[in-house]
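Note: hydrogens, waters and symmetry copies are ignored here, and every other heavy atom, side chains too, is used. Chain letters run A, B, ... following the sequence lines, proteins first, then strands; residues in each count from 1.
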There are 2 protein chains.
Amino acid sequence: MTTNRRSRPSRPATIPDVAREAGVSRSTASRALADYGSVSPAARERVRAAAEKLGYRANQLARSMITGRTHTLGAVIADIQNPFFAGVTRGITDAARAAGYQVLLANTDEDPAAERAAVKMLRDKHVDGLIVAPASTTDTGHLAAVHAAGCPVVLLDRDAPGLRTDSVTIDNRGAARDAVRRLLAAGHRRIALVGLVGDEDSDLDAPGDGLGGNGNSGSGGDDTDSTGDAHGATADGAPTATTAPTAPIDRGSTGLERIEGYRLALRAAGIEDTGTYLRKGAFHRQDPADLTAGLLALPEPPTAVLATDSLIALGVLSAARDRGLRVPEDLSVVTFDDTDWARALRPRLSVVAQPVQELGATAVRALISRIEGSTHEPEHTTLPTEFIDRESIAPPPPA
Amino acid sequence: MTTNRRSRPSRPATIPDVAREAGVSRSTASRALADYGSVSPAARERVRAAAEKLGYRANQLARSMITGRTHTLGAVIADIQNPFFAGVTRGITDAARAAGYQVLLANTDEDPAAERAAVKMLRDKHVDGLIVAPASTTDTGHLAAVHAAGCPVVLLDRDAPGLRTDSVTIDNRGAARDAVRRLLAAGHRRIALVGLVGDEDSDLDAPGDGLGGNGNSGSGGDDTDSTGDAHGATADGAPTATTAPTAPIDRGSTGLERIEGYRLALRAAGIEDTGTYLRKGAFHRQDPADLTAGLLALPEPPTAVLATDSLIALGVLSAARDRGLRVPEDLSVVTFDDTDWARALRPRLSVVAQPVQELGATAVRALISRIEGSTHEPEHTTLPTEFIDRESIAPPPPA
DNA sequence: GTGAAAGCGCTAACAA
DNA sequence: TTGTTAGCGCTTTCAC
């Protein structure tokens with residue numbers, strides 16, 4: 001509306017303005033400002049001064065259109081309100097800023113459709129690269145496509161076997177196994193695991209896997225071999241297959257990996273029945289507190305519980321309290337993720353701490369390295385977890 | 001490197017491509033695609049089909065350069081890891097996406113310099129508008145500038161008296177007063193407040209304000225009048241002053257407003273000494289648990305505590321436990337912010353719940369309304385808080 | 001070392 | 001309704 005007046009005040013200064021002020025050509029001004037090619041020191045200084053005087057700020061849009069680079073990263077995660085992702089996001093934004101990048105954020109709530117939409121929008125905005133905590137480890141066609149189109153992708157938290165992208169994860173299996181070992185070392189034999197996994201996965205496990213989170217009545221006995229099969233089946237899957245809907249188990253999911261670790265530890269301790277105390281619910285559908293309540297109502301209830309994340313730990317603690325159980329005297333509790341409250345409240349929780357910020361920062365660095373052209377083989381970084389022993393593990397009650 | 005080959009496969013389709021394929025001019029194609037001007041149904045359909053066939057996706061960068069609109073919002077907050085901001089951010093991203101916008105995220109850690117830098121970067125990226133939880137309510141020159149330059153700004157969580165922008169906040173004073181009233185109603189007279197405020201503020205309060213968080217020894221007695229002065233002094237400050245370093249108290253800060261509410265409630269109950277049990281620490285410098293420990297070591301310790309946010313509540317709870325105090329039997333506790341753990345753990349905390357997501361969503365809607373041209377007077381929206389009474393308030397212990 | 005000119009992909013006047 | 005013509009602000013050959 002007031003754009004027609006050619007008076008200086010409002011319109012932001014452009015390269016032609018600076019060039020005019022400095023008495024050089026646009027090209028020289030551009031070279032001096034963007035710092036490339038060759039410019040005489042004298043000219044460079046005049047341009048600098050002119051730019052300063054006019055308060056020149058480069059139009060990143062125009063620049064991006066030419067260079068094809070926006071210095072913007074896309075972060076696609078499940079839910080920023082989950083402390084784990086909040087920490088990861090913090091790591092991402094900080095590392096990005098340190099490297100001169102900004103980040104566009106998208107939440108998916110573990111919904112593959114939302115993830116696809118987010119990736120599309122982000123691409124349309126021409127992000128230089130994508131950091132994705134994939135909602136599914138098999139439904140990854142959109143990621144494969146975007147990656148193939150030349151947009152670097154780094155997977156965070158969960159790996160997808162079919163994708164030849166970099167990934168940054170932790171050793172979920174090992175961390176879970178270690179946590180269970182601690183419980184075993186304290187003398188526990190009836191150790192439970194309460195976890196939530198993606199909706200889609202929960203459809204897969206009923207047949208022949210024995211992972212079901214239903215029924216409190218001790219359901220199926222041992223399931224040793226079927227689980228062994230599951231491992232084998234995915235371990236030798238074609239490494240470049242993009243979508244493998246036939247995979248019997250979605251082994252890339254952190255929840256499932258933690259379950260594997262749980263079983264490994266149990267079996268190594270001679271406990272072959274790894275199904276009785278396993279409660280694997282579905283996101284948005286099951287309440288961890290209910291799952292735990294079922295566990296505690298068992299004729300022979302568990303004496304220790306491993307929660308696969310902090311929200312679940314809250315449910316476990318709540319159910320224990322409701323049943324009048326004290327932690328750790330009556331029930332030992334260990335959880336993944338070291339939250340503020342786990343650290344501060346009593347009993348202080350013994351936890352498997354994930355390096356949340358580092359996870360994000362590492363992903364950013366890997367991504368930027370790709371953006372800047374590195375073309376080596378996909379790199380799978382596994383960051384170490386730390387078991388922090390506090391006050392929530394005790395020997396099992398006499399009974 | 002491989003860009004020279006003119007073969008179809010790689011290069012994304014552009015408007016000329018679509019136009020050619022559809023047998024129309026670029027303008028017609030553009031009009032059909034962007035859905036403006038007039039295009040015959042026939043042409044529109046041909047263009048649509050051609051676009052579909054070629055997998056055309058508009059280059060938002062080019063479009064933005066022309067239209068001056070990026071459909072991107074900037075969110076500048078303190079710390080995404082704080083549950084309050086995580087919730088707010090969730091509200092922002094969801095509301096933005098629903099309206100067709102994306103959001104660029106920046107953390108400031110309450111550091112004005114970081115905030116200035118963030119705002120600058122965001123501007124360079126041509127965000128259509130900014131949502132800012134200002135680190136300072138007085139050091140707002142950069143916000144005034146960006147706003148004056150035509151970039152809509154909406155303040156979130158804290159208002160800045162000098163800025164004529166929209167804002168979305170809660171009634172901190174009222175909410176705190178209400179919370180203290182609950183404590184009073186339960187019979188408490190020795191009610192403490194533990195809070196943390198920005199570094200800069202803490203330099204201001206020592207002289208003549210009596211708010212100091214130092215010393216456990218009951219320090220200065222009542223401070224009735226000096227506080228009254230503080231109110232008056234800010235209440236009549238020039239509403240359009242951008243930076244007022246001489247303001248005796250930074251009344252826009254949520255922490256300070258909550259303190260005001262605390263005092264109001266106390267005085268209304270005939271308690272004139274509102275300083276003895278007030279502990280106002282500085283971000284990054286004081287530990288809430290230490291502050292609380294000092295309080296509890298007083299000859300006449302408080303029987304109830306109001307924490308100004310969830311992280312502080314954790315410190316309060318921790319200190320109480322360290323001293324062997326039970327909540328609520330020995331010490332009643334109320335906090336701002338309804339977190340997962342406050343809801344789930346025992347004793348379940350009575351809290352002042354802020355509508356975190358709505359705060360973010362409302363800010364987005366206000367911002368988009370401005371972006372779309374509304375020019376009415378600055379609008380200050382105050383969202384209602386909800387006091388959720390759970391199990392952390394009991395009558396004061398006998399003596 | 002510097003300038004002229006071309007063009008990124010798109011929209012917006014203006015004619016026709 | 002449609003096409004033609006200009007650019008947006010910047011980078012980038014390519015001569016000079």
**Request:** Identify, residue by residue, the members of residues 58-67 of chain B with a heavy atom below 4.0 Å from DNA chain C, and return them in order of residue number, or none.
**Result:** B:Ala58, B:Asn59, B:Ala62, B:Arg63, B:Ile66
**Request:** Report the residues that fulfil side chain to side chain donor-acceptor pair (under 3.5 Å) with B:Ser40, sequence neighbours left out, ordered by chain and then residue number.
**Result:** none
**Request:** Taking side chain to side chain donor-acceptor pair (under 3.5 Å) as the test, write out the residues that go with A:Glu45, two or more places apart.
**Result:** A:Arg48
**Item:** Under 3.5 Å donor-acceptor, B:Asp94 side chain and B:Gly91 backbone
**Value:** no
**Complete:** Whole-Å distance, B:Arg20 CZ to D:dG3 C1', equals 16 Å
**Asked** What is the distance, rounded to the nearest whole Å, between atom CG of B:Asp124 and atom C1' of D:dC10?
**Response** 14 Å
**Sequence neighbours excluded - ring pair (Phe, Tyr, Trp, His ring centres under 6.0 Å) pairs with any residue from residues 119-167 of chain B** = none
**Message:** Does anything in residues 357-370 of chain A form a salt bridge (charged side-chain N to carboxylate O under 4.0 Å, His left out)? List the pairs, not counting sequence neighbours.
**Reply:** A:Asp166-A:Arg370
**Prompt:** In residues 24-35 of chain B, which ones come under 4.0 Å of DNA chain D, going by heavy atoms?
**Reply:** B:Val24, B:Ser25, B:Ser27, B:Thr28, B:Arg31
**Prompt:** For DNA chain C, which nucleotides open and close the run of contacts to chain B, 5' to 3', at under 4.0 angstrom from a non-hydrogen atom?
**Reply:** C:dG9 to C:dA13
**Request:** Could you note down all residue pairs passing salt bridge (charged side-chain N to carboxylate O under 4.0 Å, His left out) where residues 55-68 of chain B supplies at least one of them, sequence neighbours left out?
**Result:** A:Asp124-B:Arg57
**Item:** Nearest-0.5 Å distance, CG of residue B:Leu61 to CG of residue A:Leu61
**Value:** 5.0 Å
**Message:** Return the CG to CD1 distance between B:Leu105 and B:Ile80, rounded to the nearest 0.5 Å.
**Reply:** 5.0 Å
**Asked** Counting N and O atoms only, with roles assigned by atom type, does the side chain of B:Asp111 sit under 3.5 Å from a partner on the main chain of B:Ala113, one being a donor and the other an acceptor?
**Response** yes
**Prompt:** For the helix from C:dG1-D:dC16 to C:dA16-D:dT1, what is the angle between the axes at its two ends, each from 5 pairs, rounded to 10°?
**Reply:** 30°
**Asked** Tell me the ring pair (Phe, Tyr, Trp, His ring centres under 6.0 Å) pairs involving residues 57-81 of chain B, sequence neighbours left out?
**Response** B:His71-B:Tyr101
**Request:** Under 4.0 Å from any atom of DNA chain C, heavy atoms only: list the residues of residues 36-44 of chain A that qualify, in numerical order.
**Result:** A:Ser38, A:Val39, A:Ser40, A:Ala43
**Request:** Could you pull out all residues at least two apart from A:Thr108 that satisfy side chain to side chain donor-acceptor pair (under 3.5 Å)?
**Result:** none
**Prompt:** Where do B:Cys151 and B:Gly129 come nearest, in terms of heavy atoms and distance?
**Reply:** SG-CA, 3.9 Å
**Prompt:** Would a 4.5 Å heavy-atom cut-off, applied to side chains only, mark A:Asp79 and A:Asn107 as touching?
**Reply:** yes
**Asked** When you measure from the side chain of A:Thr362 to the backbone N and O of A:Leu359, does any donor-acceptor pair fall under 3.5 Å?
**Response** no
**Asked** Is it the case that B:Thr169 and B:Asp159 place a side-chain donor and acceptor less than 3.5 Å from each other?
**Response** no
